[in-house]
Amino acid sequence: MEGGFAGNTVQPNSFDKSKVLDVKPLRSLHPVFPGETNGPPFASAPPNGSFPSGFSPFFPFGGPQGSPSTPVLNHNPFNSTAVPIRSFRAELPGSNGENVRSSNKRKLAGSSSVKKKVKRGNESELELAALTNFKPGISAAEKDDGNRELVENVLMRFDALRRKLSQMEDAKEPHSEVFKRANLKSGNIMFTKGVRTNGKKRIGVVPGVEIGDTFFFRMELILVGVHSQSMAGIDFMPMKGSDIVGERVAVSIVSSGGYEDDAEDPDVLVYTGQGGNASADKEASDQKLVRGNLALERSLHRGNEVRVIRGFKDVTNQSSKVYVYDGVFKVQESWIEKGKSGCNTFKYKLVRMPGQTGAFATWKSIQKWRADPSSRDGLILPDLTSGAESTPVSLVNEVDDEKGPSYFTYISTVKYPKSFKLVQASVGCNCSDACKPGNSNCSCNQTNGGDFPYIANSILVCRKPMIYECGSSCPCFRNCKNRVSQTGFKVRFEVFKTIDRGWGLRSWDPIRAGTFLCEYAGEVIEKVKEGQDGEERENNNYVFHTNRIYESFKWNHETESAGEGSSNTSEDFDIPSPLLISSKNSGNVARFMNHSCSPNVFWQPITYEQNNEAFVHIVFFAKKHIPPLTELTYDYGTPPHTDEKESNGDHGKKKCLCGSPNCRGYYY
DNA sequence: GATAGCTCAGCCAC
DNA sequence: CGTGGCTGAGCTAT
């Protein structure tokens with residue numbers, strides 16, 4: 001929203017720059033502007049790759065919008081259209097009584113080859129089978145060769161399935177044997193169904209995979225064809241037309257800290273060969289010139305390009321890893337070196353091919369900023385929330401000499417006027433410390449239709465008409481997993497000056513799909529003034545409307561059994577009355593999020609009870625994995641047509657600069 | 001074509 | 001909390 005304002009309409013002197021955010025102690029901090037901008041590209045919002053067939057506008061509030069009367073949140077939470085996982089159970093022909101264990105590698109009935117832990121009459125098995133019931137929607141040609149849209153489609157569908165499986169796993173008894181590893185299982189289902197792309201191995205660039213693309217599981221690398229080994233670090237393929245029989249060259253490597261690699265210089269990587277590791281039943285040994293090591297040696301002589309994927313510890317979740325595609329390199333030299341164990345290891349020096357902006361360099365500088373935030377180039381303020389949030393938000397300008405956005409008061413949540421009486425029978429749960437996903441006695445679980453809305457890391461599982469978090473009458477603790485949006489954001493944001501769209505929002509952390517980002521804070525207002533003068537128009541740029549028309553999109557996991565018209569997969573929101581939130585005078589980081597026609601963020605209504613009142617909050621989640629320093633954007637929607645006669649028709653139409661291939665050309 | 005072997009995962013327990 | 005152990009997946013090679 002800041003973009004429309006600062007990008008096009010503002011006169012530079014129309015606000016008092018001395019009142020930069022009213023943060024007194026830091027106003028004197030003299031910003032340092034670098035001579036040139038060589039940061040990563042802004043707003044590289046990729047094309048909208050989700051579910052090509054699923055797009056159609058929808059009208060959330062049936063007819064013409066009434067005057068925004070006092071919203072009364074009185075609908076029965078138990079009327080939620082969502083259904084529990086169990087309702088996804090599918091009838092599997094002959095699956096009863098066939099569950100005699102013959103081998104651990106026995107295949108599941110039907111076309112699926114999902115392996116299983118066998119237990120008699122296992123319900124989980126049937127649930128799992130139901131989840132494999134979806135249309136691959138990927139042709140044989142697309143399985144071999146991909147493009148950006150396919151890559152994004154495959155990744156989003158994988159993660160939707162993984163979240164669903166994780167949710168099921170969370171709901172099981174603690175020591176249940178099933179679904180221990182949702183990522184592997186969902187990967188397996190995707191492979192079995194043929195939902196993958198770039199399955200044909202190749203040397204060099206993979207169509208649809210861009211430098212900086214971020215992954216959270218090795219399975220994802222295989223699914224989009226960037227590195228097709230589930231564990232091994234070196235991937236290779238036969239060299240066609242080679243004189244040497246069975247010659248293989250390396251096509252990609254993953255460097256993620258398992259060996260003694262040297263990765264100080266972002267353009268050079270000294271990679272350690274594979275093998276020779278000590279294990280439970282094996283001593284450390286000399287590495288052999290076979291397999292991956294041999295392939296890298298051949299690549300040195302052939303001079304072919306080798307893709308490099310860098311792995312890091314995920315800062316937001318130390319126990320897991322995050323992978324970044326860093327571009328194509330060439331093997332420049334190789335040698336043998338004694339490792340720490342005293343055994344011989346192969347070393348390969350890889351050097352980045354020219355003409356590529358590396359992603360690794362960006363990641364390294366962010367690590368530096370995290371240790372010392374003042375080392376950030378162009379830093380204006382280290383925390384524009386002045387401590388209002390538990391995670392600081394940097395204010396940065398590397399583009400020009402503007403010292404900050406115009407004045408506003410930072411508030412961390414939405415404010416409803418006193419006249420709004422939102423009544424809801426408060427049904428608190430009885431959970432003692434934290435609500436448990438599988439607990440069907442927890443009324444908060446019931447309110448959410450039986451499905452716990454979140455999995456680990458506060459990842460949202462599915463979009464829903466409404467999500468109910470625990471409230472103040474619930475005795476569970478503040479760290480209950482069903483209190484995600486109300487406990488403040490955890491992402492390390494920065495508000496930054498874009499090149500042509502005013503101020504924008506992005507993150508230092510890599511963000512997984514489904515991550516809670518922030519809510520839309522501001523003041524709930526009764527109506528928008530449709531005026532002609534600049535001030536009113538500018539005010540309107542800061543209003544969030546639930547009564548706009550938003551492009552529908554599919555984010556949840558699909559099954560064939562839950563077809564069209566089935567309410568249990570509805571991703572359309574359901575808010576009792578139109579809601580208008582103005583962040584002009586008061587707001588949080590959300591007011592800086594710009595519009596994109598191919599956004600990487602979506603919003604979701606959430607409610608919870610506080611002091612016997614419940615209000616709707618508009619809460620933002622990541623639509624897909626988002627690399628660090630990529631601008632965060634959502635779809636501003638378009639005003640309903642029924643509004644046309646109320647003003648002169650253009651509703652403050654603005655030229656859209658989102659740059660996506662699907663750009664509508666303008667936004668509101 | 002089945003299957004054992006290989007391996008810079010990813011968990012959870014300790 | 002780091003570390004170890006353990007079960008794994010797809011791909012490769014036999």
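By convention in this document, chain letters (A, B, ...) are assigned in the order of the sequence lines, proteins followed by strands, and residues within each chain are numbered from 1. Because the structure is a prediction, the values reported are computed rather than measured.
- Comparing atom distances between the A:I222 side chain and each of C:dG10, B:dC12, B:dC8 picks out C:dG10 as nearest.
- Atom CD1 of A:I234 and atom C1' of B:dA9 are 16 Å apart (whole Å).
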**Request:** Begin from the C-alpha positions of A:D509 and A:S507 and carry the test side-chain hydrogen bond (donor to acceptor under 3.5 Å, both in side chains) through to its verdict.
**Result:** CA-CA 5 Å; A:D509 302 328; A:S507 156; 4.6 Å; no
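- In this structure, A:R196 reaches the C:dC11 phosphate: one of its side-chain N or O atoms is under 4.0 Å from OP1 or OP2.
- For the pair A:K193 and A:F134, the distance from NZ or CZ to the six-membered ring centre is under 6.0 Å and the angle to the ring normal is within 45 degrees.
- Remark: A:Y348 is not in phosphate contact with B:dC8, judged by side-chain N or O atoms under 4.0 Å from OP1 or OP2.
- Within the 4.0 Å cut-off from OP1 or OP2 of B:dA9, not a single side-chain nitrogen or oxygen of A:S320 is found.
- In terms of phosphate contacts, A:N183 brings no side-chain nitrogen or oxygen within less than 4.0 Å of OP1 or OP2 of B:dA9.
- Under 4.0 angstrom from either OP1 or OP2 of B:dC11 there lies no side-chain N or O belonging to A:R181.
- Dashed line: the shortest gap from a side-chain N or O of A:K321 to OP1 or OP2 of B:dC8 is not under 4.0 Å.
- Put simply, CG on A:L165 is 16 Å from P on B:dG10, counting in whole angstrom units.
- When each of A:R162 and A:G258 is assigned the nucleotide of DNA chain B with its nearest heavy atom, A:G258 is the one assigned upstream, toward the 5' end.
- Between A:F346 and A:Q274 the shortest side-chain heavy-atom distance does not fall below 4.5 Å.
- To the nearest angstrom, C1' of B:dC8 lies 17 Å from CZ of A:R307.
- Between A:R248 and A:D235, no side-chain nitrogen of the basic residue sits less than 4.0 Å from a carboxylate oxygen of the acidic one, so the salt-bridge criterion is not met.
- One atom, CD of A:Q274, and another, P of B:dA9, lie 12 Å apart when rounded to the nearest Å.
- Two residues, A:M219 and A:G276, neighbour DNA chain B, and the one matched to the more 5' nucleotide by heavy-atom proximity is A:G276.
- One interatomic measurement links the two molecules: CZ of A:R218 to C1' of B:dC6, which rounds to 13 Å at whole-angstrom precision.
- A cation-pi geometry, defined here as NZ or CZ lying under 6.0 Å from the six-membered ring centre and within 45° of its normal, holds between A:R492 and A:W508.
- Following rounding to the nearest Å, A:L223 (CG) and C:dA9 (P) show an atom-to-atom distance of 14 Å.
- One finds no side-chain N or O of A:N277 lying less than 4.0 angstrom from the OP1 or OP2 phosphate oxygen of B:dT7.
- Residues A:L350 and A:Q332 are not in side-chain contact: their nearest non-hydrogen atoms beyond the backbone lie 4.5 Å or more apart.
- For B:dC8, the OP1/OP2 oxygens have no side-chain nitrogen or oxygen of A:Y323 closer than 4.0 Å.
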**Request:** Any chance you could lay out the side chain to side chain contact (heavy atoms under 4.5 Å, CB included) test for A:V324 and A:F215, step after step, and finish with the verdict?
**Result:** CA-CA 6 Å; A:V324 185; A:F215 306 87; over 6 Å; no
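- The residue among A:G199 and A:K313 whose nearest nucleotide of DNA chain C lies closer to the 5′ end is A:K313.
- For the pair A:R291 and A:F236, the cation does not sit on the ring face, since its NZ or CZ is not both under 6.0 Å from the ring centre and inside 45° of the axis.
- Between the CE atom of A:M231 and the C1' atom of B:dC11 there is a distance of 12 Å, given to the nearest Å.
- A:E169 has its CD atom 14 Å from the P atom of B:dG10, to the nearest Å.
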I'd like a list of close polar pairs between nucleotides 12-14 of chain C and the protein, N/O only, cut-off under 3.5 Å.
residue	atom	partner	partner atom	Å
C:dT12	OP1	A:K201	NZ	2.5
C:dA13	OP1	A:R248	NE	3.3
C:dA13	OP2	A:R248	NE	3.0
C:dA13	OP2	A:R248	NH2	3.0

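- No contact: A:G311 has no heavy atom under 4.0 Å from any strand.
- Figure legend. C:dT12 is base-paired to B:dA4; pairs are counted as Watson-Crick or G-U wobble with both atom distances under 3.5 Å.
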**Request:** Check the pair A:N293, A:K288 against side chain to side chain contact (heavy atoms under 4.5 Å, CB included), reporting the backbone distance first and the verdict last.
**Result:** CA-CA 7 Å; A:N293 300 345; A:K288 297 190 185 69; 5.8 Å; no
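- In this structure, A:T272 reaches the bases: a heavy-atom distance under 4.0 Å links it to at least one base atom across the strands shown.
- Contacts of A:G275 with the nucleic acid, taken as non-hydrogen atoms under 4.0 Å apart, involve only primed sugar atoms and P, OP1 or OP2.
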